[in-house]
*Asks:* 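Submitted below is the structure of interest, expressed as structure tokens.
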Amino acid sequence: MSLKKYLFLMVFATILCWTAWAFVLFFINPKTAGTTGLIFFYSSLFLGLFGLFSIFGFVIRWLIGQKILAYQRAKTAFRQGAMFALLLTGSLFLQSQRLLVWWNTLLFIFLLSVVEYFFLTVKAKKTNFGNDGEQ
């Protein structure tokens with residue numbers, strides 16, 4: 001898939017998700033919709049934030065001019081956008097349940113940092129292999 005096609009699809013899907021979130025926000029009553037309404041609310045919010053952060057992350061990496069290939073920038077932005085969207089959506093959900101406290105937030109950030117560290121170490125191990133696959 002070309003970079004233009006990827007960015008077009010990401011922007012289109014993000015706009016679609018934000019439209020779905022606005023629809024849920026303005027047209028669904030949370031008291032009568034119950035759990036289904038909340039699932040639609042949080043999932044559309046997560047996907048909208050996910051697309052937004054992925055696109056912004058890619059654009060920032062492109063503007064900074066990192067010396068890596070475009071698909072690697074997109075992959076990193078995609079992963080970090082997902083984690084940041086999960087952090088915000090999860091925090092909003094915890095707040096709605098009155099479970100969001102400072103140590104809970106720090107634990108959530110620590111967990112996502114460990115996941116990111118895992119991805120960075122796996123990436124470093126892949127790039128440290130020689131042409132013959134030996135370390």
Side-chain angles (χ1 to χ4, degrees):
M1 177 184 302
S2 70
L3 181 61
K4 283 185 181 183
K5 194 175 194 180
Y6 168 76
L7 288 176
F8 174 76
L9 287 174
M10 281 297 290
V11 168
F12 179 74
T14 302
I15 290 170
L16 192 66
C17 289
W18 282 116
T19 305
W21 180 75
F23 179 79
V24 170
L25 187 65
F26 292 117
F27 296 114
I28 293 181
N29 186 354
K31 296 201 187 287
T32 59
T35 306
T36 307
L38 290 177
I39 289 171
F40 283 136
F41 175 80
Y42 285 114
S43 61
S44 61
L45 178 63
F46 170 76
L47 292 172
L49 288 172
F50 179 32
L52 186 72
F53 293 143
S54 295
I55 293 166
F56 280 162
F58 179 79
V59 169
I60 288 170
R61 282 174 178 75
W62 180 70
L63 290 175
I64 290 173
Q66 291 180 338
K67 304 289 187 224
I68 58 175
L69 297 173
Y71 82 92
Q72 291 173 330
R73 281 186 233 162
K75 188 169 72 170
T76 303
F78 196 78
R79 180 183 72 239
Q80 291 175 350
M83 286 194 275
F84 197 52
L86 183 65
L87 175 68
L88 288 179
T89 308
S91 297
L92 283 174
F93 177 75
L94 289 174
Q95 178 61 29
S96 74
Q97 303 299 315
R98 303 284 187 225
L99 296 173
L100 186 67
V101 291
W102 67 270
W103 56 269
N104 217 352
T105 306
L106 285 178
L107 186 62
F108 204 12
I109 291 171
F110 177 74
L111 178 67
L112 292 176
S113 299
V114 168
V115 171
E116 179 65 17
Y117 180 74
F118 171 76
F119 280 110
L120 291 175
T121 55
V122 167
K123 180 181 174 184
K125 285 183 181 181
K126 285 183 181 179
T127 58
N128 287 339
F129 283 117
N131 290 338
D132 56 358
E134 295 179 8
Q135 181 72 4

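Keep in mind the model is a prediction, meaning the values are calculated, not measured.
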*Asks:* Side-chain heavy atoms under 4.5 angstrom apart, residues restricted to Ile, Leu, Val, Met, Phe, Trp, Tyr: same cluster for L9 and L49?
*Replies:* yes
*Asks:* Tell me whether R61 contacts the main-chain N or O of G57 through its side chain, where contact means a donor paired with an acceptor under 3.5 Å.
*Replies:* yes
*Asks:* Going from CG on L94 to OG1 on T89, what distance comes out if it is rounded to the nearest 0.5 angstrom?
*Replies:* 11.0 Å
*Asks:* Can you name the nearest heavy-atom pair linking A77 to S54, along with the distance?
*Replies:* CB-O, 3.5 Å
*Asks:* To check you understand the geometry: which heavy-atom pair defines the closest contact between Y42 and L92, and what is its length?
*Replies:*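 Smallest interatomic distance, heavy atoms only, reads OH-O, 3.8 Å.
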*Asks:* For the residue pair S91 and F108, establish whether any side-chain heavy-atom pair is separated by less than 4.5 Å.
*Replies:*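 They are in side-chain contact.
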*Asks:* For A33 and I28, work out which heavy atoms get closest and say how close.
*Replies:*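 That would be CB-CG2, 3.5 Å.
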*Asks:* Is there a continuous path of hydrophobic side-chain contacts, each under 4.5 Å between heavy atoms, that joins V101 to L107?
*Replies:* no
*Asks:* Which distance, rounded to the nearest 0.5 Å, do you find between the CE of M83 and the CZ of F50?
*Replies:* 10.0 Å
*Asks:* Please give me the minimum heavy-atom distance between V24 and G37, naming the atom from each residue.
*Replies:*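 Closest heavy-atom pair between V24 and G37: CG1-O, 4.1 Å.
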*Asks:* Linking I/L/V/M/F/W/Y whenever any side-chain heavy atoms sit under 4.5 Å apart, do L106 and L111 land together?
*Replies:* no
*Asks:* Answer yes if F40 and F23 sit in the same cluster of Ile, Leu, Val, Met, Phe, Trp and Tyr residues linked by side chain heavy atoms under 4.5 Å apart, and no otherwise.
*Replies:* yes
*Asks:* Mind listing the closest non-hydrogen atom pair of F41 and L25 along with its distance?
*Replies:* CE1-CD1, 3.9 Å
*Asks:* If I take atom CG from residue L63 and atom CZ from residue F56, how far apart are they, to the nearest 0.5 angstrom?
*Replies:*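 Answer rounded to 0.5 Å: 11.5 Å.
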*Asks:* Determine whether F46 and I15 fall in the same hydrophobic cluster, where Ile, Leu, Val, Met, Phe, Trp and Tyr are linked whenever their side-chain heavy atoms lie under 4.5 Å apart.
*Replies:* yes
*Asks:* So how far is it from T105 OG1 to L100 CG, rounded to the nearest 0.5 Å?
*Replies:*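 Here the rounded value is 4.0 Å.
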*Asks:* Which value, rounded to the nearest 0.5 Å, describes the distance between L3 atom CG and R73 atom CZ?
*Replies:*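 If we round to the nearest 0.5 Å, L3:CG and R73:CZ are 8.5 Å apart.
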*Asks:* Report yes or no: does S96 contribute a side-chain atom to a donor-acceptor pair with the main-chain N or O of F93 at less than 3.5 Å?
*Replies:*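 Answer holds: yes.
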*Asks:* Check for a donor-acceptor pair, side chain of T121 on one end and backbone N or O of F118 on the other, with a separation under 3.5 Å.
*Replies:* yes
*Asks:* Given side chains that start at C-beta, do those of L45 and W18 come closer than 4.5 Å, heavy atoms only?
*Replies:*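 They are in contact (side-chain heavy atoms under 4.5 Å apart), so the answer is yes.
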*Asks:* Quick one: sort the F8 and F12 rings into parallel, tilted or perpendicular, breaks at 30° and 60°.
*Replies:* parallel
*Asks:* Give me the atom names and distance for the closest heavy-atom approach of L120 to R79.
*Replies:*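 Scanning both residues completely, I find the closest heavy atoms to be CD2-NH2, 4.2 Å.
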*Asks:* Hey, could you give me the CD/CG distance between Q80 and L87, rounded to the nearest 0.5 Å?
*Replies:*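 Here the rounded value is 12.5 Å.
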*Asks:* Specify whether F58 and Y6 have parallel, tilted or perpendicular ring planes, treating 30° as the upper limit for parallel and 60° as the lower limit for perpendicular.
*Replies:*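 The rings of F58 and Y6 stand perpendicular, inter-plane angle above 60°.
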